[in-house]
Novice: 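Below are the structure tokens for one structure; questions will follow.
Numbers restart at 1 for each chain; the letters A, B, ... are given by sequence-line order, proteins then strands. Computed from heavy atoms alone, side chains included, the values below leave out hydrogens, waters and symmetry copies.
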Protein chains: 2
Amino acid sequence: MSPTRTADGAAPGRVGDVRRRNLALLLDRIDPQGQATRAQLAAETGLTKASVSSLVADLLESGLLTEAGVTRDGERGRPGVGLVLNPLRGAIGAEINVDYLAVGVLDLGGTLQFQETVERHNRGSSPGDVLAALGVLVHRAADAARQAGIVLLGGGLAVPGLVDPDRNVVVTAPNLGWSAVDLSAELAALLPAAPFGVTLSNEANSAALAELWYGHGVSFRDYLYVSGEVGVGGGLVIGSELFTGPAGHAGEIGHVVVHPEGPRCTCGGHGCLEKFAGQQAIFSAAGIGDDSTALRMSHLLRALDAGKPRALAAVEQAGHYLGVAVASAARLMNISAVVLGGHFAALEEWIEPALRRSLANFAPGLVPDGSIAFSGLRQTAALTGAAGSCLRGVLARPYELIS
Amino acid sequence: MSPTRTADGAAPGRVGDVRRRNLALLLDRIDPQGQATRAQLAAETGLTKASVSSLVADLLESGLLTEAGVTRDGERGRPGVGLVLNPLRGAIGAEINVDYLAVGVLDLGGTLQFQETVERHNRGSSPGDVLAALGVLVHRAADAARQAGIVLLGGGLAVPGLVDPDRNVVVTAPNLGWSAVDLSAELAALLPAAPFGVTLSNEANSAALAELWYGHGVSFRDYLYVSGEVGVGGGLVIGSELFTGPAGHAGEIGHVVVHPEGPRCTCGGHGCLEKFAGQQAIFSAAGIGDDSTALRMSHLLRALDAGKPRALAAVEQAGHYLGVAVASAARLMNISAVVLGGHFAALEEWIEPALRRSLANFAPGLVPDGSIAFSGLRQTAALTGAAGSCLRGVLARPYELIS
DNA sequence: AGAATTAGTTTTCAATCTGAACTATATGTT
DNA sequence: AACATATAGTTCAGATTGAAAACTAATTCT
């Protein structure tokens with residue numbers, strides 16, 4: 001990464017690093033929706049007006065920032081010039097999941113400018129085939145961006161499995177049947193011209209980040225995001241940052257042990273949360289047959305609406321054990337909020353009371369009622385997070401676009 | 001902390017920050033036991049020899065570094081001058097626990113130069129009384145340090161409870177009967193002359209850090225330290241750093257839910273690990289009466305040696321549930337090693353097989369057998385970690401001693 | 001019209017690292 | 001013993017950067 005990097009990862013500080021840091025600092029202080037003037041930035045960051053002017057000049061040249069004209073606020077004195085994150089810069093977000101592919105274009109202002117989802121059964125498909133199909137969608141999205149005048153800086157791809165983002169490898173994706181798949185070449189080919197390339201991420205982690213930047217993150221700085229898909233995944237946000245753990249796989253709440261005498265799990269363990277709160281577990285406890293996922297979910301919702309005891313008990317059980325796992329997570333990682341996505345969000349009405357009771361029983365006082373939230377991003381969560389990660393990366397390393 | 005710090009914690013980069021960073025970088029590259037020359041440091045850090053010379057001059061002036069004379073390595077060329085962390089700089093480490101007080105002096109070379117433990121029943125004692133008693137010990141240790149020519153730069157105090165290190169407040173210490181105790185004045189009075197003051201920390205966290213710097217940290221960069229005292233505490237080390245979580249209370253493995261139908265715990269929850277693997281739980285499951293802690297532990301060890309089934313079963317159960325909690329922690333935080341201290345270290349021989357079996361059952365493959373370690377630091381772990389934290393803080397902010 | 005106020009720029013200066021040339025001190029070779 | 005070679009460490013000019021202060025620019029208030 002850094003030009004002079006020694007074996008142990010220690011990089012010496014150079015005079016130029018100061019400017020790099022300050023460039024990123026300024027971008028961090030500009031609200032994606034709003035605007036700021038040089039004088040405001042100087043006051044907020046503690047830099048002098050002279051320095052801010054110089055830094056802003058570089059950022060304007062990079063194309064990340066644009067001037068939005070004079071801001072008349074009615075106050076006395078010369079009005080400042082509004083600076084905004086350039087809405088004509090963006091990134092592609094993509095998601096591969098078990099039964100669909102999804103792609104979108106997110107701009108620096110935080111708006112999803114284009115979005116497309118297609119059904120496709122990827123379980124067992126070869127990575128090459130899936131990425132070829134995805135490539136068509138990405139191409140279409142890139143064309144749409146070009147038409148809208150948006151310059152793409154990079155992209156992100158979310159997959160339902162453990163990934164090694166540094167090496168672009170899907171370590172395992174059990175629900176796709178993939179393991180040790182190196183996607184370096186495919187990712188590079190998706191957006192060959194984009195300066196920041198396409199990065200790989202875990203679907204639950206990306207959804208957690210989307211929630212942080214474009215969802216409940218406005219009220220929570222620290223939370224556990226729990227994604228209910230075919231499996232139960234998780235993403236841990238601490239101090240408004242994703243906590244990935246030493247090898248990048250933290251947050252895997254689906255395999256927390258919630259009952260030591262519970263059934264064996266596909267992961268090799270016993271009594272994992274996924275065996276009590278995964279889609280499979282809920283559907284079979286509710287006595288719902290094996291149609292497609294979408295059909296089964298609507299069956300379940302109808303049964304719940306009708307007050308069928310077996311369905312109610314199935315969701316009650318899922319909420320109960322979800323509470324056990326969240327209680328343990330709250331203790332271990334000192335988090336005090338949860339955001340639920342995927343099928344948990346669809347079941348909000350029925351699962352929330354059970355989860356509350358369970359949390360009150362296992363970790364009283366740790367997760368207040370107001371800190372249980374349900375994701376409103378639904379289908380676009382993962383791709384929004386993947387694209388957002390790319391854009392945040394750009395804002396954190398703006399100097400790569402300068403000089 | 002920083003001179004110009006804005007509300008949101010964003011600090012602008014200044015030219016001088018580069019030097020601060022590089023001063024700390026150099027100190028980080030000098031092994032506490034060994035020595036390095038300016039040329040080696042230049043090669044390792046990527047800084048030029050000119051910069052290293054200039055930085056080292058400042059560090060020599062600060063007293064943190066000393067020249068250890070010419071190093072003759074038999075190679076051709078002018079020999080370098082060895083640089084060592086000054087062993088005549090140190091910090092006080094102290095621990096308040098339920099039935100003892102302990103104090104020691106740790107020098108920059110990593111040697112515990114002086115150590116004293118006195119029995120004292122602190123449960124229910126007022127914080128003022130306990131700190132007065134501790135003050136006597138600290139005074140004695142400071143005198144010993146002065147006699148040995150060691151200049152004390154600061155200190156650390158570890159207590160068995162939740163603390164707020166920034167505000168010097170013990171939030172709760174159930175086993176001492178303390179809550180919301182502000183120790184600012186008492187801590188400042190302990191070492192009035194030390195430039196880095198005395199800081200407060202949690203006992204399990206300090207022990208985890210001692211393990212990192214002076215114990216199994218040489219082989220593990222990421223692990224969960226589990227401290228078995230009257231309660232079961234934990235400290236989480238990720239990437240060779242303590243992970244404290246959003247409010248500083250991460251790692252509380254004692255209250256992870258290991259059995260959802262388990263008994264009620266003092267924390268208000270149910271089925272917590274502490275109810276299966278805490279000292280109380282083990283002693284009563286083993287059928288050992290209520291003498292002093294030390295006596296009961298020797299009873300237990302004798303019973304185990306004699307192969308008494310009830311004692312063996314009690315420890316087996318503790319190991320089993322410890323495994324459940326560690327399995328969940330491994331999933332949630334992606335850790336792959338555990339270090340056990342306190343009574344778990346004393347019971348190593350009997351608890352390790354049970355823990356192994358449990359981990360193989362609940363998280364196969366995640367914590368390899370070679371990654372289960374037992375602390376060898378025993379009684380001095382917490383105070384060593386507290387003093388070490390202070391010294392690491394000095395090495396990270398050497399510029400506070402310069403100019 | 002002029003004073004007051006705020007935004008932004010220009011200029012000078014100090015801090016700091018780099019790079020190249022230099023001095024210092026050892027070992028190896030003849 | 002003299003000289004070559006190699007490595008350690010210092011000195012000094014040059015480039016980059018932010019701070020500070022003086023300056024210009026554009027607006028509102030009186």
Side-chain angles (χ1 to χ4, degrees), chain A residues 2-4 6 10-26 35-60 65 67-83 398-399 402-403, chain B residues 2-6 10-26 35-61 65 67-83 398-399 402-403:
Chain A
S2 164
T4 323
T6 49
R14 304 247 168 65
V15 180
D17 297 340
V18 177
R19 193 170 188 83
R20 294 180 174 194
R21 175 178 170 176
N22 286 334
L23 288 167
L25 179 65
L26 288 184
Q35 54 179 29
T37 66
R38 291 170 178 79
Q40 280 168 15
L41 290 171
E44 277 179 34
T45 58
L47 290 162
T48 61
K49 290 187 295 173
S51 303
V52 172
S53 280
S54 163
L55 292 161
V56 164
D58 276 4
L59 292 173
L60 289 170
L65 227 49
E67 291 192 332
V70 168
T71 62
R72 288 221 177 61
D73 53 359
E75 297 279 307
R76 208 191 260 205
R78 171 176 169 179
V81 178
L83 300 164
Y399 46 84
I402 296 172
S403 85
Chain B
S2 166
T4 322
R5 178 74 76 124
T6 49
R14 303 240 171 67
V15 180
D17 297 343
V18 177
R19 193 169 186 84
R20 294 180 174 195
R21 174 176 172 177
N22 286 334
L23 287 167
L25 179 65
L26 288 184
Q35 55 179 29
T37 66
R38 291 170 177 79
Q40 280 168 14
L41 290 171
E44 277 177 35
T45 58
L47 290 162
T48 60
K49 289 188 295 172
S51 303
V52 172
S53 280
S54 163
L55 292 161
V56 164
D58 276 4
L59 292 174
L60 289 171
E61 199 207 344
L65 227 50
E67 292 192 332
V70 167
T71 62
R72 290 226 173 58
D73 52 0
E75 296 280 305
R76 212 190 260 208
R78 172 176 167 180
V81 177
L83 300 165
Y399 46 85
I402 296 172
S403 81

Novice: Could you check whether A:T37 gets within reach of a base, just the sugar-phosphate, or nothing at all, counting any heavy atom under 4.0 Å?
Specialist: sugar-phosphate
Novice: How close do B:R38 and B:L60 get, heavy atom to heavy atom, and via which atoms?
Specialist: NH2-CD1, 3.7 Å
Novice: Picking from D:dA19, D:dA8, C:dT16, which would you name as closest to the side chain of B:R19?
Specialist: C:dT16
Novice: Could you check how far CD of B:E75 sits from P of C:dT27, rounded to whole Å?
Specialist: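 These atoms are roughly 11 Å apart.
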Novice: Where the side chain of A:R76 is concerned, which of D:dG18, C:dG19, D:dC29 is the nearest nucleotide?
Specialist: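 Looking only at heavy atoms from C-beta outward on A:R76, the closest nucleotide is D:dC29.
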Novice: Please compare A:G77 and A:V18 by the position of their nearest nucleotide in DNA chain D and report the one closer to 5'.
Specialist: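 Upstream on the strand: A:V18.
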Novice: Of the nucleotides C:dT25, D:dG9, C:dG8, which one has an atom closest to the side chain of B:V81?
Specialist: D:dG9
Novice: Tell me whether the side-chain N/O atoms of B:S53 come closer than 4.0 Å to OP1 or OP2 in D:dG9.
Specialist: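 It does not, given that no N or O in the side chain of B:S53 lies less than 4.0 Å from OP1 or OP2 of D:dG9.
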Novice: Could you check how far CZ of B:R20 sits from C1' of C:dA15, rounded to whole Å?
Specialist: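 So the two atoms are 12 Å apart, to the nearest Å.
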Novice: How long is the straight-line distance from NZ of B:K49 back to CG of B:L47, given to the nearest 0.5 Å?
Specialist: 13.5 Å
Novice: Measure from CG on B:D58 to C1' on C:dA15 and round the result to the nearest Å.
Specialist: 12 Å
Novice: Among D:dG9, D:dG18, D:dT27, find the nucleotide with the atom closest to the side chain of B:R14.
Specialist: D:dG18
Novice: Please compare A:G13 and A:R78 by the position of their nearest nucleotide in DNA chain C and report the one closer to 5'.
Specialist: A:R78
Novice: Report yes if at least one side-chain N or O of A:N22 is closer than 4.0 Å to OP1 or OP2 of D:dG18; otherwise report no.
Specialist: yes
Novice: For A:R14, is there any backbone N or O sitting under 3.5 Å from a side-chain donor or acceptor partner on A:D17?
Specialist: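 Yes, the answer is positive, given that a donor and an acceptor are paired below the 3.5 Å cut-off.
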Novice: Is there a donor-acceptor contact under 3.5 Å from the side chain of A:T45 to the main chain of B:P12?
Specialist: no
Novice: Which nucleotide sits closest to the side chain of A:A50: D:dG18, D:dA20, D:dT16?
Specialist: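 Among D:dG18, D:dA20, D:dT16, the one nearest the side chain of A:A50 is D:dA20.
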Novice: What is the separation between atom CD on A:Q40 and atom C1' on C:dG8, rounded to the nearest whole Å?
Specialist: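 Result: 13 Å.
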Novice: Without decimals, in angstroms, what is the distance between B:L23 CG and C:dT16 C1'?
Specialist: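 Taking CG of B:L23 and C1' of C:dT16, I get 11 Å after rounding.
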Novice: According to a strict under-4.0 Å criterion, is B:T48 in side-chain N/O contact with OP1 or OP2 of C:dC17?
Specialist: no
Novice: Check the distance between D:dG9's C1' and B:L55's CG and give it to me in whole angstrom.
Specialist: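 It works out to 14 Å between those atoms.
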Novice: Taking all non-hydrogen atoms of both residues into account, name the closest pair between B:A68 and B:Q35 and its distance.
Specialist: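 In this case the closest contact between B:A68 and B:Q35 is CB-OE1, 3.4 Å.
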Novice: What is the distance, to the nearest angstrom, from the CG atom on A:L60 to the C1' atom on C:dG8?
Specialist: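 Taking atom C1' of C:dG8 as the reference, CG of A:L60 is at 13 Å.
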Novice: Over how many whole Å does the gap from B:R21 atom CZ to D:dT17 atom P extend?
Specialist: 16 Å
Novice: With respect to the side chain of B:R38, which nucleotide from D:dG9, C:dA7, C:dG19 is positioned closest?
Specialist: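 Out of D:dG9, C:dA7, C:dG19, the nucleotide with an atom closest to B:R38's side chain is D:dG9.
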